[in-house]
Undergrad: 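Can you keep this structure in mind? I'll have questions shortly.
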Amino acid sequence: MTNTNKQVQAVIVEDEPKNATLLKKMLEMCCPQVNVYGNANSIETAIALINQATPDLVFLDIEISGGNSFQLLDMLQPIKFEVIF
């Protein structure tokens with residue numbers, strides 16, 4: 001039997017505050033099992049937040065302050081979380 005009540009620890013990496021807020025609100029409404037630990041708005045803050053939160057899931061904007069999400073993923077090898085672009 002699958003446990004559908006498992007909390008999913010998530011992080012949002014988005015440099016547009018309106019987009020980050022909208023995504024967080026949508027997750028709260030539609031996916032209560034997803035706990036958004038925080039939002040990062042640059043590669044540097046994303047690395048720190050991901051290392052601190054050890055998320056199950058990371059929502060990534062492709063272009064972020066300081067580079068792009070593929071550069072970020074290269075810096076975080078090995079990846080121990082799922083990614084949604």
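Computed from a predicted structure; not experimentally measured. All values below were derived from every heavy atom in this structure, side-chain atoms included, with hydrogens, water molecules and symmetry-related copies excluded.
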Undergrad: Sort and list the pairs that fulfil ring pair (Phe, Tyr, Trp, His ring centres under 6.0 Å) and have at least one residue in residues 32-68, not counting sequence neighbours.
TA: none

Undergrad: Sequence neighbours left out, what pairs pass salt bridge (Lys or Arg N to Asp or Glu O under 4.0 Å) with at least one residue falling in residues 42-61?
TA: Lys6-Asp56

Undergrad: Are Ile50 and Phe81 close enough that some pair of their side-chain heavy atoms sits under 4.5 Å apart?
TA: yes

Undergrad: Mind checking whether Leu76 and Val58 sit in one hydrophobic cluster, side chains of I, L, V, M, F, W, Y counted as touching below 4.5 Å?
TA: yes

Undergrad: Got a sec, which hydrophobics cluster with Met26, joining ILVMFWY side chains under 4.5 Å apart, including via others?
TA: Leu22

Undergrad: Looking at every non-hydrogen atom in both residues, tell me the closest pair between Ala53 and Val11 and how far apart they are.
TA: CB-CG2, 3.8 Å

Undergrad: So which heavy atom on Val36 is nearest to which on Leu27, and how close?
TA: CG2-CD1, 3.8 Å

Undergrad: For Phe70, which residues count as a ring pair (Phe, Tyr, Trp, His ring centres under 6.0 Å) partner, sequence neighbours excluded?
TA: Phe85

Undergrad: Rounded at 0.5 Å granularity, tell me how far CD1 in Ile43 sits from CE in Met75.
TA: 4.5 Å

Undergrad: Are Leu23 and Lys25 side-chain neighbours, meaning at least one heavy-atom pair lies under 4.5 Å?
TA: no

Undergrad: Looking at Ala10 and Val34, what are the two nearest heavy atoms and their distance?
TA: CB-CG1, 3.6 Å

Undergrad: Are the side chains of Ile64 and Asn41 in contact, using a 4.5 Å heavy-atom criterion?
TA: no

Undergrad: Which atom pairs, donor and acceptor, lie under 3.5 Å between side-chain atoms of residues 12-19 and protein residues at least two apart or in another chain?
TA:
from, atom 1, to, atom 2, distance (Å)
Glu14, OE2, Glu16, N, 2.9
Asp15, OD2, Ser65, N, 3.2

Undergrad: Check for me, please, whether Ile62 and Leu60 land in the same ILVMFWY cluster - side-chain distances under 4.5 Å, paths through other members count.
TA: yes

Undergrad: Quick one: salt bridge (Lys or Arg N to Asp or Glu O under 4.0 Å) pairs with a partner in residues 62-85, sequence neighbours left out?
TA: none

Undergrad: For Gly66 versus Gln71, what's the shortest heavy-atom pair and its separation?
TA: O-OE1, 4.3 Å

Undergrad: Answer whether the closest heavy-atom distance between the side chains of Asn39 and Leu49 falls below 4.5 Å.
TA: no

Undergrad: Verify the cluster assignment for Val8 and Met29: are they in a single hydrophobic cluster under the rule of side-chain heavy atoms below 4.5 Å apart?
TA: no

